[in-house]
Protein chains: 2
Amino acid sequence: MLRPKSIAIIGASPDANKLNGRPFYFLRRDGYAGKLYPVNPKYTEIDGIPCYPNVTSLPEAPELAVIIVSQKLVSAVIEELGKIGTPVCIIFSSGYSEIGPEGVMLEQELLKTAEHHGIRICGPNNLGLINAFENITATFSQYADKPPIAGPVGFASQSGAFGTGISALARSRGIGLGYFVNTGNQADITLVDALIEIADDPKITVLSAYIEGIRNGTELIRLAHKAMEVSKPLIITKVGRKAAGARAAASHTGSLAGEDRVFDGVLRQYGVIRARNEEHMLDLVAAFTCCHIPTGKGVALITQSGGAGVLMADRCEELGLEVTEPTAKTRKKLQTIIPSFGSTQNPIDVTGQFVAEPKILIDSIKIALDDPGIDSCIVWLQLMHAYSGLLVNIFKKSNKKLAKPLIICWLGAPVKALQELREAGIYVIGATERSVDVVAGLVQYGQSRARHVKLLPPLADPNFGNGRGQASLAPSIKAAELLNKAGIPLAPAAIATDAQSAQRIAEKIGYPVAIKIESPNILHKTDAGGVCLNLTDATSLVNAVTAILKAAKTYNPKAKIDGLLVQKMMKPATELVLGVRRDAAFGPVVMVGLGGIFIEILEDVAFAAVPINSAQAGLMLDSLQGKALLEGARGKAPVNRTALIKLICNLSQFAANHPEIVELDLNPVFADGENLVAVDWLMMVD
Amino acid sequence: MLRPKSIAIIGASPDANKLNGRPFYFLRRDGYAGKLYPVNPKYTEIDGIPCYPNVTSLPEAPELAVIIVSQKLVSAVIEELGKIGTPVCIIFSSGYSEIGPEGVMLEQELLKTAEHHGIRICGPNNLGLINAFENITATFSQYADKPPIAGPVGFASQSGAFGTGISALARSRGIGLGYFVNTGNQADITLVDALIEIADDPKITVLSAYIEGIRNGTELIRLAHKAMEVSKPLIITKVGRKAAGARAAASHTGSLAGEDRVFDGVLRQYGVIRARNEEHMLDLVAAFTCCHIPTGKGVALITQSGGAGVLMADRCEELGLEVTEPTAKTRKKLQTIIPSFGSTQNPIDVTGQFVAEPKILIDSIKIALDDPGIDSCIVWLQLMHAYSGLLVNIFKKSNKKLAKPLIICWLGAPVKALQELREAGIYVIGATERSVDVVAGLVQYGQSRARHVKLLPPLADPNFGNGRGQASLAPSIKAAELLNKAGIPLAPAAIATDAQSAQRIAEKIGYPVAIKIESPNILHKTDAGGVCLNLTDATSLVNAVTAILKAAKTYNPKAKIDGLLVQKMMKPATELVLGVRRDAAFGPVVMVGLGGIFIEILEDVAFAAVPINSAQAGLMLDSLQGKALLEGARGKAPVNRTALIKLICNLSQFAANHPEIVELDLNPVFADGENLVAVDWLMMVD
């Protein structure tokens, strides 16, 4: 599909202003070197090229067919293409799943027809693709109104309109898109399929995608892996971050806000950079085409404006970057070249003196980046139209010698300087905070790559989470056995059938105890009056047993009562929440968060697809808003990080081994310094 | 200073490329109509205008003097100017407070000289000002390399470099700056002074400022008031949001992150819009020059791209805007004009059909904005180069009839269309999320204005918080008396001198009680072993008294012990923290936050300058991250909002009446549904 030696355009028109005339016009204009076969019974030739009345009359099977016929004729065309042996087609025609249930059926039929004839489909309801290296402009996108510029970026978009907009913005920034693929309804070929293929092209160094929704998360993970393996950063913008956006997307059901958090967690886990919007995406894409990848979080800020330095330092802190204090040695070196009214601290103020002595700026950049604590450098400027050529030369000279990223943030830069810097492979951006956002993206990728090299996480089994039967509550003790065996520590507990056996258990595990009703029909035990905490002696225990059994009977007379869980009361400690969910896109995912307010009010939890490794589990913890609590805030002992990471990994492995789990909650887990123990657990299986 | 009829340039040069040649060159180039007096003993004329050897030889006292001489000569020049009666001067010369302690002294001397001669100073260390309406280009800023464009925006900047950058970016967006003032070191005239003056110019409709630090917060409040009174939005970017940025600013000491939160709170309180950075500032400034002010949070999103609609809806939710579902009536009307494959829900998809029938888009905008729940409308587009003229006409037609704001978000718009729309006073922006950020700014201002009209908050007394003596701990019972009288409810308590009197008090207020050591020398009672909680009977009370007195003696043998505070134990409830702080810029400020984790880990507190009104107190609560807790999350009763607001107002009034308070903590305040009661309090006074 991406590199066809021949293309048929079914429904071609000689009118370049018409949708069905545009692909043919573009392919001719851009000098496509393969064979072009317009197909349309109305014409015998278009622009001097023979036009065929139908597919059957084609002299050979084209390697790609672009179908621009009315929706009713599409299936017949595909049948004909299948018969002559065309392997793949792009279907521009709309009126399929995007219009609702009726269209979904038509799309399924279309797919069946295609599968029957062994032909792959891109679309329907898309606007085509561009391979700018081989002048394949098989699209009607407005982006192609000007000839595409080939470059190191592979871009795929589910949306045609937004994808076109992003591509046009990329062009205006001088970013060359080697590939632009719009996958539309994705009846067959997905955005992931396209990018995995594109990733192998050595001319491509950066991958990017615009996504509206993901059906198969394990495929996305496969793409993330692929990108890591070929060392090409992958930048994704996905909409539907929030409930309002998700409602607007309307392409999913249920708690989409939750699912977006899973998506976010998986991207972090696999080293994919998530861009907030089209602007952020292009900022990052451009940077990745030319910047070195930093190995740490230290940033040097070189300015002549105190204010800009402060604004950048603010943003660095917000994004977890460090405006590292230079070493004494570095400062000493800087002092020998920077005028005394400048500053050798970070932000470094080189003063305007470099206009007379360019060496000041060139050497400052070099000295700063030679500092072991500094991994990236942003040079901030504004205007300087009179010294534009001088500055371009300074940056060209500087950039050559460096092995760490240099970011030029230049407000109101002359257009010529921008062009020259871009041509020289030097990254330049025109907004102060966004320059820091870019460094954060580079740092995130650098760290992901370092993690990836250390340990390659196994791929999740794509068959996970596909069974969607009726979920039911697993008996507590059965769940406890499985969890204990999997290395997940729980508060000691056993099932009592009556007051006497409850007493025996309590004596064995030691008072105080809690008792909880055990019934497959009672999910919310507290609501049912089925929980009694902090029972300190036999009398209160016996009374509690009677009270609970009575309350349960009132709550649900038909409930099957399996007994009472007698459980040791644990000393209150820092509360964590761990769990397993089955995500619609990613199958089983593990979850970790801080308990109480953090989860209930702030929804401060992190997700990752299973299985995970310990580095990824550490990342989950670092992403929590309340992570200071893990480090021992509020006078409490710090939570044993190693033990917690091990617990998350054990839980992940447990989830991987038990695909029948629909939901597992360990809530709360008490973290008392060294010890971690789940004091309540709930497991749903199908 | 802003509208001089005559200007002397002390140290003028005929070389327009030199710093001291630029103001004269610019003023001539731009056709300044007043009298120009270059002063420099080296020349007899510059560009045909007589040049004077010194100030004394000038034929009249110029209304403004621009001083561009070496730092050593400045004082002498000011003396001469004072003698001839020039009222104000701008001092470009540097080498003052920006270079450190030595420069601070020089600046103070300079100010004394000026005050002695009754002359006002703008600067030193600045790059001048522009009044574009009267062609006063009294600056050497690179922004003036092209003639300034007059327009409805007044902009003042403490930073010359960043201010120049912002001005140049404004020009490139077609935003006309009627005034640009750089105030430099602000020895005398401040940014606030300049903007208060500019606010009165009827040609100015929007005020904006770039700030690096504020010394006198009450002046800033005065500016905010002024802006509200003249109904002109004020947009401020201040750097130093974070500790890292604050350290970089290095112009303050102590906890600057805290002070920035106070700044943030005061801006919210007084209806000033804070822009994150220069880009956000210009987005907002441009919008305020032409958009109607919305009266509510409902936004209609009109697109042809589902994805863009989702991205905007995401951002709306993040910023507290509502993507309002249109009423049945609105949807019915939309259905009559939007093709069936479009969508009449919000986001509204008008489809590409409007290219053939422009009425579809024109009417959709009108119908959407007629909906009572919709207060603003964003129309999202990309490219459409072929229909650029058509679209401009559609928006011109639409905009005429509207009384609610219309925002055009147009990715990759043709330059011509941008120009035409801007000339027609229609707001257009080229980035999806930023279009929503702009609406949020408009909404915030609309709400502030509505609040302001309802109740004008009194100005804080600018003399507050100037006394900075030695702070000492107020005795608990004395503090309690004052607080109770001020309408701040505390847990019942009294001072006991020994075990017997403690018992009597406990019996009177009822068990259980807490006892706490009372000593002016013991600030951290818990650390001193000076607190015993939950004493349920006389025996435990007597034992606790003995233990506490012993512990206190061990902790600090020299501590003066005033007795023991016996206090009724209150039932645990939602924990709040209230307090008063004395801010270096704003004097006394009130503080409210949620207790425990919220304050300790998330630092989730809101500040406001005192005194405040109930609407402002409500705003403080709404700005809390954990506000859901106030509304009764986690199964607790909601906190009585009216009572809490009253408590904050009482506290504010108390702080206003007691400027001797350096710090007051009510921590925690238990909020148990209807009741609010402080269970611990600490007051420091000087």
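Proteins get letters first, then strands, A, B, ... in listed order; numbering begins at 1 in each. The figures here come from the full heavy-atom set of this structure, side chains too, leaving out hydrogens, waters and symmetry mates.
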Is [X] in contact with chain A via its backbone, its side chain, both, or neither, using a 4.5 Å heavy-atom distance?
X       : result
M384(B) : both
R171(B) : neither
Q142(B) : both
L169(B) : side chain
S159(B) : side chain

Taking every heavy-atom pair that is under 4.5 Å apart, which of S94(A), S340(A), G95(A), G307(A) has the most such pairs with chain B? G307(A)

With chain B, which of G163(A), A308(A), S157(A), A168(A) has the greatest number of heavy-atom pairs at distances under 4.5 Å? A308(A)

Leading residue by heavy atom contact count with chain A [cutoff under 4.5 Å; candidates [options]]:
options                            : result
R434(B), H280(B), E98(B), Q158(B)  : R434(B)
M312(B), K627(B), R315(B), E318(B) : E318(B)
N277(B), L381(B), I166(B), L594(B) : N277(B)

For the residue pair K238(B) and Y210(B), would you count it as a cation-pi contact if the rule is NZ or CZ under 6.0 angstrom from the ring centre and within 45 degrees of the ring axis? no

Is there a donor-acceptor contact under 3.5 Å from the side chain of D604(B) to the main chain of L624(B)? no

Considering all heavy atoms, the nearest F263(B)-I236(B) contact: CZ-CG2, 4.1 Å

Would you call D437(B) and R276(B) a salt bridge, taking side-chain N to carboxylate O under 4.0 Å as the test? no

Check ion pair D145(B)-R22(B) (N to O, under 4.0 angstrom): yes

Please check if any side-chain donor atom of Q304(A) sits under 3.5 Å from a side-chain acceptor atom of T351(A), or the reverse. no

Looking only at the side chains, is there a donor atom on one of N126(A) and N182(A) sitting less than 3.5 Å from an acceptor on the other? no

